[in-house]
Amino acid sequence: MMNLWLIMIKKKHLKYEALGFVEALIAIMVVGASSVILMQIAVNTMQGVIQNEKIDTMTQYALEGSEIVKEIARQEQLTGENLFPDIPGCYVPLTESGTYTFKQGLDGNILYFEADTQRSEYISNAIINDDFFRIFCFESYSVGDRYVSGNIVVGELNSDGTITKGNNVKDYSYFTVVTL
């Protein structure tokens with residue numbers, strides 16, 4: 001009888017050990033699922049940080065482009081030279097060694113793009129650094145040709161510029177008014 005009682009106790013003990021193992025497996029699964037969720041949150045947060053950093057940089061380049069365009073107009077007023085484009089369209093503002101100008105083509109004239117030009121055509125000519133491009137587009141002169149309003153467009157080279165998703169951001173457009 002004593003042996004039977006010991007066998008029953010051992011079986012009961014094995015049953016509890018098996019339940020402990022199952023509980024441990026369930027706990028590991030819960031921790032694993034929680035880890036996946038926390039990693040996804042971390043990835044989304046990092047993508048948001050990257051997007052914000054790019055948008056901040058693009059804003060800085062757009063403001064800088066606006067100042068370049070305004071300075072070209074000021075230089076035109078001071079010198080009387082024809083520095084500002086007469087034809088509405090898109091142009092590449094530059095600053096080199098304190099000189100403000102629009103990029104010139106191989107023919108020596110200001111490089112010009114139609115407003116509806118394909119993005120790929122002006123990107124290669126408007127590169128600011130290894131990651132971004134910048135152009136200035138305007139449609140027409142206004143108020144007796146004293147003002148021109150337009151957009152400084154800054155975008156990523158490795159993005160199509162249409163949507164902010166993942167590590168890519170939409171092209172940034174900054175409206176500006178230039179006094180001529």
Side-chain angles (χ1 to χ4, degrees), residues 40 42-180:
Q40 187 62 42
V43 166
N44 290 341
T45 301
M46 288 305 295
Q47 282 180 339
V49 167
I50 290 168
Q51 288 174 355
N52 287 339
E53 180 72 24
K54 287 181 180 180
I55 291 168
D56 183 52
T57 301
M58 292 166 70
T59 303
Q60 180 182 355
Y61 286 140
L63 291 171
E64 181 182 272
S66 175
E67 291 303 313
I68 292 170
V69 170
K70 289 176 182 179
E71 185 58 34
I72 293 170
R74 274 183 279 225
Q75 286 178 5
E76 183 176 89
Q77 288 173 351
L78 291 175
T79 65
E81 293 180 57
N82 190 18
L83 302 173
F84 206 86
D86 296 327
I87 302 168
C90 297
Y91 301 88
V92 181
L94 297 174
T95 178
E96 295 174 1
S97 306
T99 304
Y100 299 92
T101 184
F102 287 106
K103 187 173 186 174
Q104 295 181 350
L106 297 175
D107 60 0
N109 294 321
I110 296 174
L111 194 58
Y112 163 78
F113 300 97
E114 295 281 338
D116 60 353
T117 301
Q118 294 294 321
R119 187 174 193 267
S120 59
E121 291 181 40
Y122 58 74
I123 284 178
S124 60
N125 291 293
I127 296 173
I128 301 171
N129 61 22
D130 294 336
D131 299 321
F132 300 99
F133 69 90
R134 174 179 54 212
I135 60 170
F136 169 65
C137 298
F138 70 95
E139 291 183 18
S140 64
Y141 289 90
S142 59
V143 190
D145 295 339
R146 287 184 38 128
Y147 300 98
V148 64
S149 60
N151 289 310
I152 304 290
V153 179
V154 178
E156 282 188 283
L157 298 176
N158 64 352
S159 169
D160 67 3
T162 58
I163 190 168
T164 298
K165 185 176 182 183
N167 289 339
N168 294 326
V169 294
K170 193 174 175 180
D171 287 352
Y172 182 85
S173 183
Y174 179 77
F175 181 78
T176 188
V177 176
V178 180
T179 304
L180 300 174

What are the two closest non-hydrogen atoms of [X] and [Y], and how far apart are they?
| X | Y | answer |
| --- | --- | --- |
| Glu139 | Pro88 | O-CB, 2.8 Å |
| Leu157 | Phe132 | CG-N, 3.9 Å |
| Arg119 | Gly155 | NH2-CA, 4.2 Å |
| Phe175 | Ser149 | CZ-CB, 3.6 Å |

Glu71 vs Ile68 side-chain heavy atoms within contact, under 4.5 Å: no

Side chains of Tyr112 and Pro85 in contact at under 4.5 Å (non-hydrogen atoms):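 Answer no - side chains too far apart.
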
I need the [X] [atom1] to [Y] [atom2] distance, nearest 0.5 Å.
| X | Y | atom1 | atom2 | result |
| --- | --- | --- | --- | --- |
| Ile152 | Met58 | CD1 | CE | 13.0 Å |
| Ile163 | Asp171 | CD1 | CG | 12.5 Å |
| Tyr172 | Asn151 | OH | CG | 10.5 Å |
| Asp131 | Ser159 | CG | OG | 11.5 Å |
| Ile110 | Leu83 | CD1 | CG | 7.5 Å |
| Gln40 | Asn44 | CD | CG | 4.5 Å |

Check: Phe113 ring centroid to Tyr91 ring centroid under 6.0 Å: no

Got a sec, which residues hit side-chain hydrogen bond (donor to acceptor under 3.5 Å, both in side chains) with [X], two or more places apart in sequence or on another chain?
| X | answer |
| --- | --- |
| Glu81 | none |
| Thr162 | Asp160 |
| Tyr174 | none |
| Asn82 | Asp86 |

Side chain to side chain donor-acceptor pair (under 3.5 Å) partners of residues 53-65, not counting sequence neighbours, each pair once: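 Pairs touching residues 53-65 that pass the test: Lys54-Glu156, Tyr61-Asn129, Glu64-Arg134.
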
Sidechain-backbone polar pair: Glu76 side chain, Phe84 backbone, donor-acceptor under 3.5 Å: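 The answer is yes, because a donor-acceptor pair under 3.5 Å joins these two groups.
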
Salt bridge (Lys or Arg N to Asp or Glu O under 4.0 Å) against Lys170, all qualifying residues, sequence neighbours excluded: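 Result, salt bridge (Lys or Arg N to Asp or Glu O under 4.0 Å) vs Lys170: none returned.
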
Side chain to side chain contact (heavy atoms under 4.5 Å, CB included) between Thr176 and Val69, worked out: CA-CA 9 Å; Thr176 188; Val69 170; 5.5 Å; no

Evaluation steps, side chain to side chain contact (heavy atoms under 4.5 Å, CB included), between Phe102 and Ile72: CA-CA 8 Å; Phe102 287 106; Ile72 293 170; 3.6 Å; yes

Stepwise side chain to side chain contact (heavy atoms under 4.5 Å, CB included) test for Thr101 and Glu96: CA-CA 8 Å; Thr101 184; Glu96 295 174 1; 5.8 Å; no

